Engineer: 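My questions all concern the structure below.
Note that the structure is predicted; figures quoted are calculated from it, not measured. As a basis for the values below, the full set of heavy atoms in this structure was taken, side chains included, without hydrogen atoms, waters or symmetry mates.
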Amino acid sequence: MRVPVVLSALLVASCASPGRGGESIDLASAKTPQELTAILESIGPRRDAEACAARARIFARLREMEGADAPILLARGDEADVDLLSRAAPEDLKAESAERLARHFVERARRPAGAGSPFQGSIALLIRRFTLLTVASSFAEYAPRDLKAGALEELARAADALASAEGTKPAVQREWRARSKACSIGAAVVRAAEEKGEVTPESRRFCEVDFARHLDEGTRAADRGTTEKAARGDPGRILDSYLIALAHYTVARECLVTPTPAQEHALSGMEIVVHSLCDLLCREP
């Protein structure tokens with residue numbers, strides 16, 4: 001049966017413990033879910049880059065075989081790719097993982113929010129789309145030019161939607177339009193380039209960290225925004241801090257399948273940030 005096989009694969013992945021290994025893993029001969037699951041079992045203890053890449057590829061193939069959204073398979077694969085990026089790994093494997101993550105976050109941005117989403121209300125849903133595409137565009141720094149440019153173009157449209165949203169403050173509308181213009185210019189530069197550009201240090205600092213670091217950075221950025229907001233500081237700096245916080249939180253929320261109690265506690269701050277950001281963007285009653 002197909003479903004039990006997939007569930008078995010998920011169980012194996014979730015119970016794996018740290019281990020050694022670095023040999024390449026051949027998936028070419030695996031044609032069925034059972035065969036892919038057997039490979040997952042065989043590499044269960046390994047946490048090297050090759051094993052992380054194999055897990056991500058296997059979950060992607062299992063998802064294709066399911067012929068459905070299969071959100072848990074999506075998250076399992078993304079979890080493996082984030083794990084790979086946070087480790088010492090060859091650049092080609094990092095690029096592969098980042099490209100897969102970029103495509104998946106663009107995919108998420110095109111879909112409705114799921115049950116229990118911290119983004120509630122029309123403005124919050126626009127912020128959700130902008131945040132998912134922000135994450136996608138960061139991972140797309142490693143990807144081919146078309147994907148990177150496409151993510152920036154969608155990000156520009158998401159910023160335009162926030163600028164045009166009913167109830168947003170005029171100053172905030174100008175800020176979103178400026179962000180939209182910057183994204184559009186960035187996309188045009190990428191498309192006009194003859195070769196793929198180097199990954200920026202800023203993107204590496206965002207993409208090549210583990211979940212604990214994402215949650216720490218999200219919490220720190222949220223605290224900066226709240227402190228600045230309480231002091232009635234610069235709205236642009238407040239906006240930047242909250243958007244950075246949401247980007248880090250979003251990586252963890254979308255890719256962590258079984259967060260620990262401590263991770264759940266850290267992620268609970270995401271809803272507060274969304275509420276604070278909506279309050280910052282909208283006119284006073």
Engineer: Please determine if R55 and E79 form a salt bridge, counting it only when a charged side-chain N lies under 4.0 Å from a carboxylate O.
Structural biologist: no
Engineer: Counting C-beta onward and ignoring hydrogens, is there a side-chain heavy-atom pair between Y242 and I127 closer than 4.5 Å?
Structural biologist: no
Engineer: Would you find a donor on one side and an acceptor on the other, under 3.5 Å apart, between the side chain of T168 and the backbone of S164?
Structural biologist: no
Engineer: Using a 3.5 Å distance criterion without hydrogens, assess whether the side chain of S86 forms a donor-acceptor pair with backbone atoms of D83.
Structural biologist: yes
Engineer: Looking at Q263, I want to see if its CD is surrounded by more than 12 non-hydrogen atoms of other residues, nucleotides or ligands under 6.0 Å.
Structural biologist: yes
Engineer: Check whether E228 reaches the backbone of D234 with its side chain - one donor and one acceptor, N or O, closer than 3.5 Å.
Structural biologist: yes
Engineer: In terms of the angle between their ring planes, are H214 and H248 parallel, tilted or perpendicular, with boundaries placed at 30° and 60°?
Structural biologist: tilted
Engineer: Mind running side chain to side chain contact (heavy atoms under 4.5 Å, CB included) on M65 and L36 for me, showing each step along the way?
Structural biologist: CA-CA 11 Å; M65 291 175 180; L36 290 168; 3.6 Å; yes
Engineer: Does the distance from a Lys or Arg side-chain N to an Asp or Glu carboxylate O, for R220 and E217, drop under 4.0 Å?
Structural biologist: yes
Engineer: Taking the side chain as every heavy atom from C-beta outward, state whether H275 and Q120 have any atom pair closer than 4.5 Å.
Structural biologist: no
Engineer: Shortest non-hydrogen contact from A51 to I25?
Structural biologist: CA-CD1, 3.6 Å
Engineer: Looking only at side chains, do Y142 and E208 share a donor and an acceptor under 3.5 Å apart?
Structural biologist: yes
Engineer: Any idea which heavy atoms bring V274 and P118 closest together, and the distance?
Structural biologist: CG1-O, 3.7 Å
Engineer: Short question: side chain of R87, backbone of R47 - any donor-acceptor pair under 3.5 Å?
Structural biologist: yes
Engineer: Atom CG of L133 and atom CD of E154: how far apart are they, to the nearest 0.5 Å?
Structural biologist: 5.5 Å
Engineer: List the atom of D78, the atom of C255, and the distance in Å for their closest heavy-atom pair.
Structural biologist: CB-SG, 3.5 Å
Engineer: Main chain of G114, side chain of S117: is a donor-acceptor contact present, judged purely on distance under 3.5 Å?
Structural biologist: no
Engineer: Considering non-hydrogen atoms only, spot the tightest contact between K169 and C282 and give its length.
Structural biologist: CE-O, 2.7 Å
Engineer: Does atom NZ of K196 have more than 12 heavy-atom neighbours from other groups under 6.0 Å away?
Structural biologist: yes
Engineer: Please lay out, stage by stage, how L277 and L243 fare under the test side chain to side chain contact (heavy atoms under 4.5 Å, CB included).
Structural biologist: CA-CA 8 Å; L277 188 51; L243 291 176; 3.8 Å; yes
Engineer: For E153, what residues pass the salt bridge (charged side-chain N to carboxylate O under 4.0 Å, His left out) criterion, not counting sequence neighbours?
Structural biologist: R191
Engineer: Taking atom CD of E198 as the centre, report whether more than 12 heavy atoms of other residues, nucleotides or ligands fall under 6.0 Å from it.
Structural biologist: no
Engineer: Indicate yes or no: at least one non-hydrogen side-chain atom of R174 is less than 4.5 angstrom from one of P170.
Structural biologist: yes
Engineer: Could you verify whether a donor N or O on one side chain and an acceptor N or O on the other, from E50 and S24, lie under 3.5 Å apart?
Structural biologist: no
Engineer: Between CG of L256 and CZ of R76, what distance do you get to the nearest 0.5 Å?
Structural biologist: 9.5 Å
Engineer: Any side-chain heavy atom of K229 sitting closer than 4.5 Å to one from S276?
Structural biologist: yes
Engineer: Who pairs with E254 by side chain to side chain contact (heavy atoms under 4.5 Å, CB included), at least two apart in sequence or on another chain?
Structural biologist: F105, R108, L132, T250
Engineer: Checking salt bridge (Lys or Arg N to Asp or Glu O under 4.0 Å) against E107, which of R110, R103, R111 comes through?
Structural biologist: R111
Engineer: Side-chain heavy atoms nearer than 4.5 Å, only ILVMFWY residues, links allowed to pass through others: does that put L101 and V106 together?
Structural biologist: no
Engineer: Is the closest side-chain heavy-atom distance between L281 and L239 below 4.5 Å?
Structural biologist: yes
Engineer: Taking side chain to side chain contact (heavy atoms under 4.5 Å, CB included) as the criterion, tell me which of R128, R129, E271 meets it with F119.
Structural biologist: R128
Engineer: Of all the heavy-atom pairs spanning Y249 and A222, show the shortest one and how long it is.
Structural biologist: OH-CB, 4.2 Å
Engineer: Please test T134 against L246 for side chain to side chain contact (heavy atoms under 4.5 Å, CB included), starting from the C-alpha separation and ending with a verdict.
Structural biologist: CA-CA 10 Å; T134 297; L246 286 181; over 6 Å; no
Engineer: May I ask you to check whether over 12 heavy atoms, not counting those of L27, lie within 6.0 Å of atom CG?
Structural biologist: yes
Engineer: Hey, is the main chain of D223 close enough, under 3.5 Å, to the side chain of T227 for a donor-acceptor pair?
Structural biologist: yes
Engineer: Between E141 and R204, is there a salt bridge with N-O shorter than 4.0 Å?
Structural biologist: no
Engineer: So does E91 pair up with K94, basic N to acidic O under 4.0 Å?
Structural biologist: no
Engineer: Counting C-beta onward and ignoring hydrogens, is there a side-chain heavy-atom pair between I272 and T226 closer than 4.5 Å?
Structural biologist: no
Engineer: When you compare the side chain of I244 with that of F206, does any pair of heavy atoms fall below 4.5 Å?
Structural biologist: no
Engineer: What are the two closest heavy atoms between A56 and A80, and how far apart are they?
Structural biologist: N-CB, 3.8 Å
Engineer: Side chains of R57 and E96: closer than 4.5 Å at any heavy-atom pair?
Structural biologist: yes
Engineer: Examine distances only and state if a side-chain atom of R63 and a backbone atom of G77 form a donor-acceptor pair shorter than 3.5 Å.
Structural biologist: no
Engineer: Please check if atom CZ in R213 has more than 12 non-hydrogen atoms from other residues, nucleotides or ligands closer than 6.0 Å.
Structural biologist: no
